[in-house]
Amino acid sequence: MKYWLLKSEPDVFSYSHLSAAPERRTVWDGVRNYQARNLLRDAVSVNDYAFFYHSSCKEPAIAGICRIVRTGLADPSQFNAQSPYFDPKSDPANPRWITVEVEAVQALPRPLTLKEMRQDSALQEMALLNRARLSVQPVSNTEWRHILQQAGLSAANISRFN
DNA sequence: GCCAACGTTGGC
DNA sequence: GCCAACGTTGGC
């Protein structure tokens with residue numbers, strides 16, 4: 001079981017949008033960074049969990065939890081000439097941008113803000129604080145549990161994600 | 001809106 | 001393969 005953090009701009013697609021989506025699922029499209037793509041393609045597995053992080057907004061924060069439900073998907077937006085994520089250099093026979101499908105699990109009782117995370121000595125090693133621009137990041141088991149605790153989940157609820 | 005950090009592009 | 005120019009991210 002591995003844990004991740006996925007960034008999204010809430011004005012474009014928020015955790016509420018995911019919760020309201022059909023089957024509470026979406027294909028995580030639009031990642032156009034090779035390091036992030038490599039994680040999605042090679043390291044993220046079905047049934048891993050991920051934090052849904054709101055970036056580029058008034059109060060950057062972790063908003064909710066999602067679960068990886070499918071992997072190895074060609075990001076459809078790379079072939080859509082109308083999409084801002086269109087990549088004319090990607091060959092449909094050998095797609096450049098591979099991604100995953102995620103499902104909303106639960107919103108955090110209390111979103112955990114970037115500001116709070118910066119002030120938390122237990123979270124200083126987080127990629128979010130040190131590699132701020134990477135849009136797909138690993139989260140350690142210790143960090144995962146600590147964040148859920150800070151966000152107000154009960155011990156019983158936290159253990160569901162082991 | 002600014003700008004620092006850093007990833008990508010392309011000429012050589 | 002180097003590296004300058006350029007583009008993007010994302011907090012503030």
Side-chain angles (χ1 to χ4, degrees), chain A residues 2-21 25-44 48-68 71-102 104-140 142-144 146-152:
Chain A
K2 298 183 299 302
Y3 305 96
W4 308 95
L5 181 146
L6 303 174
K7 292 188 190 176
S8 186
E9 299 186 22
D11 294 345
V12 178
F13 191 80
S14 70
Y15 191 77
S16 297
H17 290 126
L18 180 62
S19 295
R25 293 183 178 197
T26 196
V27 173
W28 200 260
D29 65 1
V31 171
R32 294 293 180 270
N33 168 284
Y34 287 103
Q35 276 182 265
R37 188 279 312 267
N38 291 348
L39 288 173
L40 290 173
R41 187 188 60 188
D42 305 332
V44 178
D48 284 353
Y49 289 106
F51 288 130
F52 192 116
Y53 177 79
H54 287 167
S55 67
S56 289
C57 56
K58 190 171 180 184
E59 185 129 74
I62 295 174
I65 301 167
C66 41
R67 185 174 66 90
I68 310 303
T71 59
L73 307 172
D75 179 339
S77 66
Q78 70 195 303
F79 304 123
N80 176 5
Q82 310 310 315
S83 168
Y85 304 122
F86 179 58
D87 183 352
K89 294 181 190 166
S90 185
D91 176 3
N94 183 23
R96 177 178 296 188
W97 304 109
I98 302 297
T99 191
V100 302
E101 186 174 31
V102 303
V105 175
Q106 66 176 95
L108 296 188
R110 195 176 73 74
L112 199 63
T113 65
L114 177 63
K115 190 178 174 191
E116 288 174 283
M117 289 188 276
R118 281 199 193 288
Q119 292 167 351
D120 191 328
S121 60
L123 301 177
Q124 293 308 300
E125 301 301 312
M126 280 192 81
L128 185 65
L129 307 185
N130 300 300
R131 305 272 329 277
R133 294 183 312 154
L134 192 60
S135 66
V136 177
Q137 310 182 348
V139 173
S140 76
T142 308
E143 290 159 353
W144 177 269
H146 183 84
I147 288 166
L148 292 184
Q149 190 183 327
Q150 294 300 308

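Naming convention: chains lettered A, B, ... in sequence-line order (proteins, then strands); numbering from 1 in each chain.
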> I'd like the 5' and 3' limits of the part of DNA chain C contacted by chain A, with heavy-atom contacts below 4.0 Å.
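Answer, 5' to 3': dT8(C) to dC12(C).
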
> Going by side-chain hydrogen bond (donor to acceptor under 3.5 Å, both in side chains), name the pairs with one or both residues in residues 106-116 of chain A, residues two or more places apart or in two chains.
Q106(A)-R160(A), R110(A)-E116(A), T113(A)-E116(A)

> Test: side-chain hydrogen bond (donor to acceptor under 3.5 Å, both in side chains). Region: residues 49-65 of chain A. Which pairs qualify, not counting sequence neighbours?
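Of all non-adjacent pairs touching residues 49-65 of chain A, none passes side-chain hydrogen bond (donor to acceptor under 3.5 Å, both in side chains).
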
> Between side-chain atoms of residues 83-90 of chain A and protein atoms elsewhere (two or more places apart, or another chain), which donor-acceptor pairs fall under 3.5 Å?
from	atom 1	to	atom 2	distance (Å)
S83(A)	OG	Y85(A)	N	2.9
D87(A)	OD1	K89(A)	N	2.9
D87(A)	OD2	R96(A)	NH1	3.3
D87(A)	OD2	W97(A)	NE1	2.8
S90(A)	OG	Q78(A)	OE1	2.7
S90(A)	OG	R96(A)	N	3.0

> How would you list, by chain and number, every residue that makes a ring pair (Phe, Tyr, Trp, His ring centres under 6.0 Å) with F79(A), sequence neighbours excluded?
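Testing F79(A) for ring pair (Phe, Tyr, Trp, His ring centres under 6.0 Å), a comparison that skips the adjacent residues, returns none.
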
> Under the side chain to side chain contact (heavy atoms under 4.5 Å, CB included) test, which residues partner N33(A), sequence neighbours left out?
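With sequence neighbours excluded, N33(A) shows a side chain to side chain contact (heavy atoms under 4.5 Å, CB included) to Q35(A), A36(A), L134(A), given in chain and number order.
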
